[in-house]
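A short write-up of the structure that comes next.
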Amino acid sequence: MTELDHGIEPHAPGHAERLNWLRAGVLGANDGIVSVAALVVGVAAATPDSAAILIAGVASLLAGAISMALGEYVSVSSQRDTERTLIAKERWELANLPEQELAELAEMYRAKGLSAETARRVADELTAHDALAAHLEVELHIGTEELSNPWHAAFASALAFTVGAILPLLAVLLPPPAWRLSATFLAVAVALSITGWLSAYLGGSPRGRAISRVVVGGLLALGVTWAIGGLIGTSV
């Protein structure tokens with residue numbers, strides 16, 4: 001590794017949080033691709049009516065985006081409430097039990113491998129600088145300025161799902177009826193390959209395995225709904 005390589009390592013505050021948001025966006029887009037594609041492929045297999053396919057696709061997109069947004073809002077709101085409770089508890093302990101909290105901080109650093117003397121000195125200096133931030137970072141791994149925002153989570157989740165859902169919807173509606181299914185399968189395979197690659201890149205995992213996992217799973221879902229739609233279309 002060169003000095004230049006080392007220099008681009010992300011050490012900025014909040015970098016891990018931004019990566020988590022980006023990874024969640026990729027997964028949200030993946031959900032939009034698979035769920036909407038599976039639905040429109042099933043409907044297209046049952047009927048060639050473009051209006052029926054459009055209505056089903058748009059309804060699925062809206063329902064999925066709203067569901068994703070509500071789910072993220074509730075989940076992140078609960079997380080934020082928990083974080084606020086923990087911060088309030090830590091503030092009370094620092095105000096009422098300062099010596100015990102200082103000893104606790106020193107012990108946590110000693111447990112990380114520092115000598116007792118060094119751990120105490122680090123705890124003293126960090127407490128003098130910002131006692132609350134020091135305890136939140138070491139004990140709870142959160143910061144007072146980086147609390148989760150449920151509105152951001154809801155919007156990002158809905159947007160990611162919508163972006164992912166638009167592609168299969170266009171792929172099934174724009175081509176001639178004879179090419180709809182093959183065009184949708186191809187578009188979904190390409191889109192899932194991209195999201196699989198991004199997910200692996202962000203997580204530092206093998207690209208090929210991640211891509212094959214999402215592509216095979218997504219195409220399997222499309223195949224199942226296509227078969228069911230074909231059966232229903234021929235029996236009704």
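Every value quoted in this text rests on a predicted model; they were computed, and no experiment measured them.
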side-chain contact (heavy atoms from CB on, under 4.5 Å) assessment of Leu97 paired with Glu104:
CA-CA 11 Å; Leu97 306 168; Glu104 180 185 41; over 6 Å; no
Which atoms form the tightest heavy-atom contact between [X] and [Y], and what is the distance?
| X | Y | value |
| --- | --- | --- |
| Thr162 | Ala65 | OG1-CB, 3.7 Å |
| Ala38 | Leu222 | N-CD1, 3.8 Å |
| Ala187 | Ala171 | CB-CB, 3.7 Å |
| Gly218 | Val34 | CA-CG2, 4.1 Å |
| Ala106 | Ala119 | O-CB, 3.3 Å |
| Arg180 | Val172 | CG-O, 3.0 Å |

Q.
For a 4.5 angstrom cut-off between non-hydrogen side-chain atoms, does Leu39 reach Thr225?
A. no
Item to check | 4.5 Å side-chain heavy-atom contact, Leu102 and Arg120 | outcome: yes
May I ask whether [X] and [Y] are part of the same hydrophobic cluster, defined by side-chain heavy atoms of I, L, V, M, F, W, Y residues being less than 4.5 angstrom apart, directly or through others?
| X | Y | result |
| --- | --- | --- |
| Leu105 | Val122 | yes |
| Leu170 | Val58 | yes |
| Val36 | Leu181 | no |
| Val190 | Leu167 | no |
| Val163 | Ile166 | no |

Nearest 0.5 Å please: distance from the [atom1] atom of [X] over to the [atom2] atom of [Y].
| X | Y | atom1 | atom2 | value |
| --- | --- | --- | --- | --- |
| Thr184 | Ile33 | OG1 | CD1 | 12.5 Å |
| Leu198 | Arg207 | CG | CZ | 10.0 Å |
| Ile55 | Asp49 | CD1 | CG | 8.0 Å |
| Leu126 | Arg121 | CG | CZ | 12.0 Å |
| Arg80 | Ile87 | CZ | CD1 | 11.0 Å |
| His135 | Leu86 | NE2 | CG | 14.0 Å |

Is there a donor-acceptor contact under 3.5 Å from the side chain of [X] to the main chain of [Y]?
| X | Y | value |
| --- | --- | --- |
| Ser60 | Ala56 | no |
| Ser35 | Asp31 | yes |
| Ser77 | Tyr73 | yes |
| Ser157 | Ala154 | no |

Q: Using the side-chain contact (heavy atoms from CB on, under 4.5 Å) rule, take Trp151 and Val76 through it: C-alpha gap first, then chi angles, then the decisive distance, then the call.
A: CA-CA 9 Å; Trp151 290 107; Val76 176; over 6 Å; no
Compute whether any side-chain donor of one residue and acceptor of the other, for Gln79 and Glu83, lie under 3.5 angstrom apart.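 Side chains of Gln79 and Glu83: pair found under 3.5 Å.
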Handout entry: Where at least one partner belongs to residues 98-126, residue pairs that pass ring pair (Phe, Tyr, Trp, His ring centres under 6.0 Å), sequence neighbours excluded
Key =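 For residues 98-126: none.
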Quick note, ring pair (Phe, Tyr, Trp, His ring centres under 6.0 Å) partners involving residues 172-194, not counting sequence neighbours, are none
**Prompt:** Can a salt bridge be assigned to the pair Arg110 and Glu107 using a cut-off of 4.0 Å between side-chain N and carboxylate O?
**Reply:** yes
Heavy atoms of other groups near Gln100 CD, more than 12 under 6.0 Å | yes
